[in-house]
2 protein chains.
Amino acid sequence: MKTVKKASAAPAPRSQESRGPVTMHDVAALAGVSRATVSKYFNDREGLKADTLARIERACRELDYVPDPHAVSLVRGRSRIVGVILPVISEPFFAEALRAIEEKARALGMEVIIQCSYNDPAAEAAALMTMRSMKVAGVVLTAVASRNNLDLLLRLEQEMRIVYLDSYVHEDCNYVMNDNRQSMAMLTRYLLGRGHTPAYLGAPPVAHPSPEERRAGYLEAMAEAGMAPHFVPAGAQPSWDFEAFGFRHVLDWLAGGAWKRAGVTALACGTDRLAIGAMSACRRFGLEPGKDLAIVGHDDLPISAYLHPPLTTFRQDVAAIGVAAMECLQAQLDGAGAAPYRKRFTGGLVPRDSA
Amino acid sequence: MKTVKKASAAPAPRSQESRGPVTMHDVAALAGVSRATVSKYFNDREGLKADTLARIERACRELDYVPDPHAVSLVRGRSRIVGVILPVISEPFFAEALRAIEEKARALGMEVIIQCSYNDPAAEAAALMTMRSMKVAGVVLTAVASRNNLDLLLRLEQEMRIVYLDSYVHEDCNYVMNDNRQSMAMLTRYLLGRGHTPAYLGAPPVAHPSPEERRAGYLEAMAEAGMAPHFVPAGAQPSWDFEAFGFRHVLDWLAGGAWKRAGVTALACGTDRLAIGAMSACRRFGLEPGKDLAIVGHDDLPISAYLHPPLTTFRQDVAAIGVAAMECLQAQLDGAGAAPYRKRFTGGLVPRDSA
DNA sequence: ACAATGGGTTCGTCTTCAGGT
DNA sequence: CACCTGAAGACGAACCCATTG
């Protein structure tokens with residue numbers, strides 16, 4: 001006996017109105033077609049009469065039916081979910097990148113699942129395993145600075161798409177990021193062009209390889225000019241409290257006095273948040289930032305234009321980077337798995353009064 | 001004939017190593033138990049011998065097996081996903097709230113799906129329908145300011161848990177938020193206590209009801225002191241560019257001169273970002289913020305302590321608010337559907353040099 | 001009575017395939 | 001031939017039940 005337990009063996013209109021979830025069955029019944037045809041409607045519209053199409057569409061709207069994503073994912077073995085793994089959401093760069101990713105994902109009809117690693121390799125590994133079990137369509141990953149999970153990542157890249165955001169872990173991986181070397185070199189040249197002797201303050205080691213690249217950009221520009229580089233000594237302690245990090249180390253550095261003897265007149269900072277800490281340290285030390293010591297940042301936070309003095313900085317195109325990450329996933333989903341997708345973005349220098 | 005198509009009628013070890021996804025079947029075979037027992041292991045551990053438990057656990061680890069979340073969601077009719085719908089991610093308050101939500105969700109073994117409404121009712125409605133189709137365990141929602149979707153929300157609350165974050169749309173709904181009336185009253189009293197006559201600058205209408213509450217707090221404190229309130233006239237145009245909003249309107253207001261005639265000596269701003277714009281406007285107008293005009297903000301951004309002058313503000317406990325949202329969902333999942341879950345949080349005034 | 005078994009059914013969809021009009 | 005139907009098997013796990021050691 002098959003129909004003993006459930007009396008819905010044949011497509012029959014629901015007896016109750018809006019009882020339980022609506023299924024393809026109900027849509028088929030209302031549209032007067034078979035389940036198979038409705039399925040076709042959602043997957044391969046080719047070879048369906050316009051009339052049938054319209055009837056199904058109408059039925060869907062009437063019942064406000066949407067295919068159950070879990071059932072689809074189960075049978076397909078893939079979901080329409082992209083996983084995003086970031087060190088931390090509340091850092092402005094990542095928040096904005098996530099925003100752009102989410103917007104683009106929606107346009108592609110995908111959902112976004114987010115996890116934070118807090119720069120902890122174990123948390124990163126756990127997040128990756130979760131994404132795998134969810135059979136995500138792809139993963140956008142900002143790898144932890146230590147790159148401890150290289151082996152795991154190499155293995156996972158075999159079975160799912162991974163795009164690295166503002167990071168990479170090996171040759172041949174997909175990544176999207178700002179051209180940090182170029183942008184920091186540009187800022188440094190700008191300072192040099194205005195007759196300054198710039199020192200450099202790098203970010204704490206919570207990211208990779210952006211800080212190294214920015215530092216390299218500074219070095220490159222200094223070498224070009226035939227000048228010796230100067231660095232603000234900074235601890236190797238990971239921290240996301242960039243302002244405090246900048247404040248503390250710049251204050252110590254100013255107090256040390258070596259900068260004065262070396263004729264340093266400007267300070268290039270790895271990020272705006274560091275620059276804000278640095279400006280505060282200047283004042284504490286009795287110097288007027290932008291006058292006694294020129295300062296530049298990197299990233300152009302929304303507030304940077306309203307600081308005192310307004311901060312000269314570099315605007316990277318975060319939204320474009322986020323969108324590109326999604327485009328990478330999409331591209332590699334439908335087709336080409338061949339060449340790795342890599343994109344370097346440039347932004348523009350934003351001159352303001354701090355330098 | 002049943003076993004014609006597939007030869008795995010009886011639990012038999014996988015022939016190939018690591019071919020296709022691992023299923024409960026494989027775990028059962030390796031552990032030498034039946035499928036039903038493995039299922040019990042994941043759901044109702046009661047009545048399983050310690051020995052069996054250990055064998056299954058070992059098998060899971062060996063195969064690194066995790067139950068397919070889609071299959072589970074399908075059969076259960078519920079997923080372990082919570083949906084988060086925010087006006088925008090990149091606003092620091094929301095970014096931090098999302099971070100806290102994600103952290104707490106992970107601790108509860110749930111995933112977080114994010115969508116932005118950009119304060120658009122249609123986008124909010126679409127996001128809600130998506131969450132419904134995903135059969136989420138619950139939704140954390142910051143409702144759009146216009147509250148256009150009230151009917152939809154009332155309907156959806158019947159079939160799924162919704163907690164409102166920093167917003168609410170009707171009596172009896174669950175919500176978690178800062179006590180904005182109290183916090184702004186506290187800031188205003190602080191200014192009054194120092195002999196100031198404070199005016200007020202509210203945020204653009206992109207949120208509800210926090211701005212109204214803060215305004216009410218200002219009014220309350222002024223009334224208490226028997227003083228007439230003063231407002232910076234501000235447009236009703238929605239915008240997330242708070243600094244620009246604050247800058248523009250404060251500059252116009254200062255230029256108007258009415259503040260001077262009214263003896264205003266301080267400005268309370270609805271958020272730190274507004275205060276930053278306001279400080280910039282002061283300088284443009286030739287006033288020294290913190291000296292010629294006292295300024296306070298609200299929210300205590302990471303940078304606020306490093307501004308010039310450091311900004312007096314109010315720190316709301318964003319992380320606690322996010323965590324509470326998740327606790328609400330959890331509480332209502334296992335049990336009580338009775339009383340609405342509402343929580344008001346308080347933070348603390350952070351006195352600094354700007355006032 | 002306790003632990004575990006194995007079989008069957010269900011969730012909602014995709015997919016295929018042999019027909020039917 | 002072009003379009004559609006009907007039936008049936010997967011997908012992976014949960015839940016139920018009647019048995020068995």
Side-chain angles (χ1 to χ4, degrees), chain A residues 1-12 14 20-29 31-56 60 63 65-80 133-135, chain B residues 1-12 14 20-29 31-56 60 63 65-80 133-135:
Chain A
M1 278 296 172
K2 182 125 192 252
T3 57
V4 166
K5 294 221 168 179
K6 207 184 169 193
S8 60
R14 290 268 175 174
V22 182
T23 76
M24 254 171 84
H25 221 256
D26 307 311
V27 175
V33 299
S34 74
R35 253 158 61 267
T37 309
V38 179
S39 181
K40 260 196 169 175
Y41 171 84
F42 283 106
N43 300 294
D44 179 21
R45 253 133 154 131
E46 296 304 314
L48 282 196
K49 271 195 300 193
D51 170 53
T52 317
L53 236 56
R55 286 218 315 285
I56 296 179
C60 288
L63 300 169
Y65 165 80
V66 178
D68 182 323
H70 301 299
V72 175
S73 300
L74 176 58
V75 71
R76 281 253 181 82
R78 281 286 117 195
S79 69
R80 293 189 68 76
S133 81
M134 303 267 298
K135 300 186 193 306
Chain B
M1 278 298 161
K2 183 122 192 258
T3 57
V4 167
K5 293 225 167 177
K6 208 185 173 193
S8 60
R14 289 267 176 175
V22 183
T23 77
M24 257 173 80
H25 221 259
D26 308 311
V27 176
V33 299
S34 74
R35 258 161 54 256
T37 309
V38 180
S39 180
K40 263 196 168 176
Y41 172 84
F42 283 105
N43 300 294
D44 180 21
R45 255 135 152 129
E46 297 303 312
L48 282 195
K49 273 194 298 191
D51 170 53
T52 316
L53 237 55
R55 287 220 312 285
I56 296 178
C60 288
L63 300 168
Y65 167 79
V66 177
D68 182 323
H70 302 300
V72 175
S73 300
L74 176 59
V75 72
R76 281 251 182 85
R78 281 288 116 194
S79 69
R80 295 188 67 77
S133 80
M134 303 267 297
K135 300 188 193 308

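The sequence lines fix the lettering, A, B, ..., with proteins before strands; numbering per chain opens at 1.
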Peer 1: Quick test of your reading: applying salt bridge (charged side-chain N to carboxylate O under 4.0 Å, His left out), list the pairs with at least one residue in residues 41-51 of chain B, sequence neighbours left out, ordered by first then second residue.
Peer 2: B:Asp51-B:Arg55
Peer 1: Could you check A:Asn43 against B:Lys49 and say which one's nearest nucleotide on DNA chain C is further toward the 5' end?
Peer 2: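 It is B:Lys49, whose closest nucleotide lies nearer the 5' terminus.
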Peer 1: List the steps and the verdict of side chain to side chain contact (heavy atoms under 4.5 Å, CB included) for B:Ser73 and B:Lys135.
Peer 2: CA-CA 8 Å; B:Ser73 300; B:Lys135 300 188 193 308; over 6 Å; no
Peer 1: Mind calculating the distance between NE2 (B:His70) and P (C:dT10) to the nearest angstrom?
Peer 2: 24 Å
Peer 1: Please state how far atom NZ in B:Lys40 lies from atom C1' in D:dG12, giving the value in whole angstrom units.
Peer 2: 20 Å
Peer 1: Take B:Asp51 and B:Arg76, find for each the nucleotide of DNA chain C with the closest heavy atom, and name the residue whose nucleotide sits nearer the 5' end.
Peer 2: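 Here B:Asp51 is the residue nearer the 5' end.
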Peer 1: Is there a side-chain contact between B:Thr37 and the phosphate of C:dT5, meaning an N or O under 4.0 Å from OP1 or OP2?
Peer 2: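 For C:dT5, OP1 or OP2 has a side-chain N or O of B:Thr37 closer than 4.0 Å.
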Peer 1: Round to the nearest Å and state the distance from A:Asp68 atom CG to C:dC11 atom C1'.
Peer 2: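 Between C1' of C:dC11 and CG of A:Asp68: 8 Å.
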Peer 1: Nearest 0.5 angstrom please: A:Lys40 NZ to A:Leu53 CG, how far?
Peer 2: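 One finds 11.5 Å between NZ of A:Lys40 and CG of A:Leu53.
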Peer 1: Look at the side chain of A:Ser79 and the backbone N and O of A:Met134, then say whether any donor-acceptor pair between them is shorter than 3.5 Å.
Peer 2: yes
Peer 1: Whole angstroms only, please: what is the CG-P distance between B:Leu74 and C:dC14?
Peer 2: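 Distance check: B:Leu74 CG to C:dC14 P gives 12 Å.
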Peer 1: Under 4.0 Å, heavy atoms only, any strand: does A:Tyr41 hit a base, just the sugar-phosphate, or nothing?
Peer 2: nothing
Peer 1: What's the closest nucleotide to the B:Val75 side chain, out of C:dC11, C:dC14, C:dG6?
Peer 2: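 For the B:Val75 side chain, the nearest candidate turns out to be C:dC11.
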Peer 1: Measure the CG-CZ distance between A:Asp26 and A:Arg35 for me, rounded to the nearest 0.5 Å.
Peer 2: 11.0 Å
Peer 1: Look at the side-chain N and O atoms of A:Ser39 and state whether any lies under 4.0 Å from the OP1 or OP2 oxygen of C:dT13.
Peer 2: no
Peer 1: How many Å lie between CE on A:Met24 and P on D:dG6, as a whole number?
Peer 2: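 Atom-to-atom, A:Met24 to D:dG6, this comes out as 13 Å.
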Peer 1: Nearest whole angstrom, please: distance from the P of D:dC15 to the CZ of B:Phe42.
Peer 2: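 Computing the B:Phe42:CZ to D:dC15:P distance gives 14 Å.
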Peer 1: Nearest-Å distance, CZ (A:Arg78) to P (D:dA10)?
Peer 2: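 In whole Å, D:dA10 P and A:Arg78 CZ are 22 Å from each other.
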Peer 1: Given atom CZ of B:Arg35 and atom P of C:dA3, what is their separation to the nearest angstrom?
Peer 2: 22 Å
